[in-house]
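Not measured: the values here are computed from a predicted model. Order of the sequence lines sets the chain letters (A, B, ...), proteins ahead of strands, with each chain counted from 1.
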Number of protein chains: 2
Amino acid sequence: MRVTIHDVARVAGVSVASASRALSGRRKVTPEIAERVARAAAELGYQPNAVAKALRDQTTGTIGMIVPGIGNPFFTTIVEAVERELQKTGTDLVLCASQYSPEVEARRLETLLARRVDGLIISPCDIEASVPAVLDAARRVPLVQLDRHIASAGADWVGVDDEAGMSQAVDHVVAGGARSVVFVGSRLMNSSARLRLGGFERAVARSGVQTAAPLLGEFTLEWGIEAGRRLLDGGPLPDAVVCGNDEIAVGLLRSLRTGGLRFPADVSVVGFDDVGHATMCDPPLTTVRQPVEEMAAEAVRLLGQVKADDPRPAQRVAIAPSLVVRQSSRPAAGATPERPGRSTGRETA
Amino acid sequence: MRVTIHDVARVAGVSVASASRALSGRRKVTPEIAERVARAAAELGYQPNAVAKALRDQTTGTIGMIVPGIGNPFFTTIVEAVERELQKTGTDLVLCASQYSPEVEARRLETLLARRVDGLIISPCDIEASVPAVLDAARRVPLVQLDRHIASAGADWVGVDDEAGMSQAVDHVVAGGARSVVFVGSRLMNSSARLRLGGFERAVARSGVQTAAPLLGEFTLEWGIEAGRRLLDGGPLPDAVVCGNDEIAVGLLRSLRTGGLRFPADVSVVGFDDVGHATMCDPPLTTVRQPVEEMAAEAVRLLGQVKADDPRPAQRVAIAPSLVVRQSSRPAAGATPERPGRSTGRETA
DNA sequence: GAAACTCGGGTAATCGATTTCCCGATCCTC
DNA sequence: GAGGATCGGGAAATCGATTACCCGAGTTTC
């Protein structure tokens with residue numbers, strides 16, 4: 001049997017109330033009692049039971065986080081950032097992976113709620129199918145969506161301004177001389193996929209360059225490789241390819257290079273995220289950087305403000321990304337590589 | 001205020017005992033009461049408080065897992081495997097990252113113990129510095145080390161047979177005609193680093209080929225790239241390079257290729273782990289596959305048997321890895337690529 | 001010098017779910 | 001038909017930490 005505060009009190013020869021007060025310091029005790037309790041606790045190796053404390057205090061000191069999968073470097077990066085941020089406030093993170101399945105996601109939400117986490121940070125895997133579970137959870141506990149979000153309003157969100165990011169990517173390749181641009185992304189089952197394709201299409205329409213039907217698969221290296229093969233097999237190549245994330249872009253670089261193409265001479269490739277291996281691939285990848293640290297900090301900050309089922313209007317915080325120009329794309333003639341700039345857009349939906 | 005079983009009982013017009021029994025089904029109630037309770041629970045949206053249940057039952061239905069970092073694809077793979085395995089038994093996983101720091105690791109252990117996890121799976125970040133915290137935790141709760149382990153005995157371990165893996169890797173490149181082999185690995189702060197270097201050295205000594213001083217850095221892509229540069233800069237190249245993990249190997253391939261080398265014509269490269277991008281890199285990587293699913297299953301199985309502070313001798317389960325031959329290494333003349341074989345070594349330490 | 005106040009210790013309620021114990025009612029069994 | 005067994009409901013204890021409340025002793029104040 002584990003040692004409880006009763007044991008400490010007994011050994012110290014005081015009441016449990018005094019033992020508790022001596023240990024927590026939340027009310028004064030005489031130096032002598034403090035001393036006896038401290039000695040007894042040390043001697044017995046007493047460690048407070050966080051379960052009992054959570055029940056009594058009605059708070060667990062715990063935040064739940066659900067991401068689609070931890071195999072994707074973008075999500076591991078953002079998880080690490082959130083963990084660092086929470087550490088500052090002394091709250092623990094309970095991490096779950098939904099495995100890209102709305103059913104698993106709903107189950108994870110249930111168990112996190114049953115375990116009475118003090119708040120939830122979630123990147124919903126499906127823009128439609130995740131709606132009921134996310135809204136239900138938001139009604140019961142403070143909840144902030146991070147990165148991905150559901151179609152419905154009613155829950156706060158922090159993420160990147162996909163529209164602005166795509167705009168920068170397209171403008172960059174157009175400035176580099178591209179007359180035709182193709183988008184390679186993910187099927188439109190999540191908000192990132194939709195917003196990035198939408199942003200791409202609007203940017204392309206605005207700048208008047210040619211484009212073909214987008215290639216939509218998954219946010220994976222494998223899909224990038226496959227998409228590269230399809231581009232090689234199907235007719236004339238575009239001058240530039242803008243990708244939905246870096247995984248796809250790295251895969252694409254690989255299969256296009258295997259096909260004999262050189263970057264950026266034959267084709268420019270731009271990614272999205274700037275996490276993981278974007279700097280390490282060959283050639284280093286021009287990409288739209290998500291300000292992950294800021295997003296994590298903002299999500300945690302917002303979570304502290306949110307009350308469950310708050311009538312306050314849902315906040316949507318879109319942080320501006322920045323284009324990082326490396327060697328996979330042709331820069332504008334005479335242009336100097338851009339430096340990461342920062343600005344924050346904020347709106348209320 | 002959240003709805004409790006008292007609310008359900010009140011609405012159903014029965015005692016809390018009956019409500020509890022109706023909901024859990026652990027003792028019979030009349031169909032009428034079962035019906036009334038079920039209706040009341042559904043109507044109120046009752047969800048049992050897992051914190052209260054944990055306090056009463058003295059079990060949380062939770063396993064804690066600590067890995068050095070989730071940025072490393074090997075650890076994310078093994079975490080996913082453990083999560084899948086635990087799901088079968090209905091237990092939840094609480095994941096923590098020690099960030100490769102023994103201090104953070106010790107803190108994480110403390111909070112997991114305070115939260116009364118039912119067991120711990122840990123990959124200790126440092127073979128020496130992690131000893132006290134791990135032994136202390138093992139005294140208080142069932143604990144199994146997975147992959148990495150501490151220098152001291154006294155806690156169970158499940159992992160791969162590094163010695164056998166290195167042996168296969170060295171024998172393979174020697175059979176392919178290599179007369180000189182170099183090891184590129186990690187500094188010797190964890191058990192994997194030590195055992196793999198040790199296995200490499202013994203295998204090299206046995207087969208009588210030449211070797212130079214090993215290059216030791218970190219288990220990262222960056223270090224692989226850097227090590228490749230050092231090989232290019234420093235004197236004659238070896239016929240083969242055996243790496244401590246796949247990250248290093250992929251980085252090495254990249255910088256050696258940038259240096260104009262071709263694989264496996266100029267040099268053979270072998271990795272270790274076979275997770276993540278080993279199949280996706282160029283050329284696909286010959287590597288020693290860790291049977292991650294089996295390791296996870298074995299760890300969970302063992303955890304179920306372990307009692308805290310059990311006088312039973314600590315088990316050490318070393319699962320045999322298998323060499324997966326791809327295109328980064330020269331196969332033995334006339335040899336057909338090996339197929340993943342499986343066998344399990346088991347010993348008691 | 002007495003009333004009021006402060007200080008600090010102990011008792012017991014509290015958080016929510018489960019389960020032991022008890023008790024009345026019904027059902028067998030001989 | 002009486003005694004025992006079975007069934008199922010309710011009251012209350014339990015898990016462990018915290019804290020509201022009470023109370024006695026000592027201190028202050030007019």
inquiry  = What residues from residues 26-35 of chain A pass a heavy-atom cutoff of under 4.0 Å to DNA chain D?
reply    =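 Correct list: A:R26, A:R27.
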message = Heavy atoms within less than 4.0 Å of DNA chain D: which residues of residues 42-53 of chain B have one? Give them sorted by number.
response =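 The answer is none.
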inquiry  = Applying a 4.0 Å non-hydrogen cut-off, can you work out what A:S20 is touching in the nucleic acid: base, sugar-phosphate, or nothing?
reply    = base
Can you check whether [X] reaches [Y] side chain to side chain, under 4.5 Å on heavy atoms?
X	Y	answer
B:R301	B:E85	no
A:V158	A:Q145	no
A:R140	A:D136	yes

key: N or O in side chain of B:S15 less than 4.0 angstrom from D:dG10 OP1/OP2   = yes
What is the separation between atom [atom1] on [X] and atom [atom2] on [N], rounded to the nearest whole Å?
X	N	atom1	atom2	result
A:D57	D:dT19	CG	P	6 Å
B:R2	C:dG16	CZ	C1'	12 Å
B:H6	C:dC15	NE2	P	9 Å
A:I5	C:dG10	CD1	P	13 Å
B:D118	D:dC15	CG	P	18 Å
B:L23	D:dG9	CG	P	13 Å
B:Q58	C:dT18	CD	P	14 Å
B:R10	D:dG9	CZ	C1'	19 Å

message = Is it the case that the base of C:dG10 and the side chain of A:R21 share a donor-acceptor contact (distance under 3.5 Å, atom types as modelled)?
response =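 By the distance-only test, yes, there is a pair.
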ask   = Has the side chain of A:D57 got a donor or acceptor atom that lies under 3.5 Å from a matching backbone atom of A:T59?
value = no
inquiry  = Determine whether B:E80 and A:Q99 satisfy the following criterion, side-chain hydrogen bond (donor to acceptor under 3.5 Å, both in side chains), listing intermediate values before the conclusion.
reply    = CA-CA 9 Å; B:E80 286 176 334; A:Q99 301 163 34; over 6 Å; no
From the set [options], return the single nucleotide nearest to any side-chain atom of [X].
X	options	answer
B:A17	D:dC15, C:dT14, D:dA11	D:dA11
A:V14	C:dA17, D:dT19, C:dG10	C:dG10
B:R56	D:dT14, D:dA17, D:dG9	D:dT14

Partner of B:C96 under side chain to side chain contact (heavy atoms under 4.5 Å, CB included), chosen from B:L109, B:L112, B:V104 =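 Exactly one option meets the side chain to side chain contact (heavy atoms under 4.5 Å, CB included) with B:C96, and it is B:L112.
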query = Can you name the one residue among B:V8, B:V29, B:I5 that meets side chain to side chain contact (heavy atoms under 4.5 Å, CB included) with B:V37?
reply =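 Between B:V37 and the candidates, side chain to side chain contact (heavy atoms under 4.5 Å, CB included) is satisfied uniquely by B:V8.
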query = Would you call B:E43 and B:R39 a salt bridge, taking side-chain N to carboxylate O under 4.0 Å as the test?
reply = no
task = Just do the side-chain hydrogen bond (donor to acceptor under 3.5 Å, both in side chains) check on B:E105 and B:S130 with the steps written out, would you?
result = CA-CA 8 Å; B:E105 184 174 81; B:S130 296; 2.5 Å; yes
inquiry  = Apply side-chain hydrogen bond (donor to acceptor under 3.5 Å, both in side chains) to residues B:E103 and B:S101 and explain how you reach the verdict.
reply    = CA-CA 5 Å; B:E103 290 76 32; B:S101 149; 3.3 Å; yes
task = Between A:G13 and B:S18, just flag the one whose closest nucleotide in DNA chain C comes earlier from the 5' side.
result = A:G13
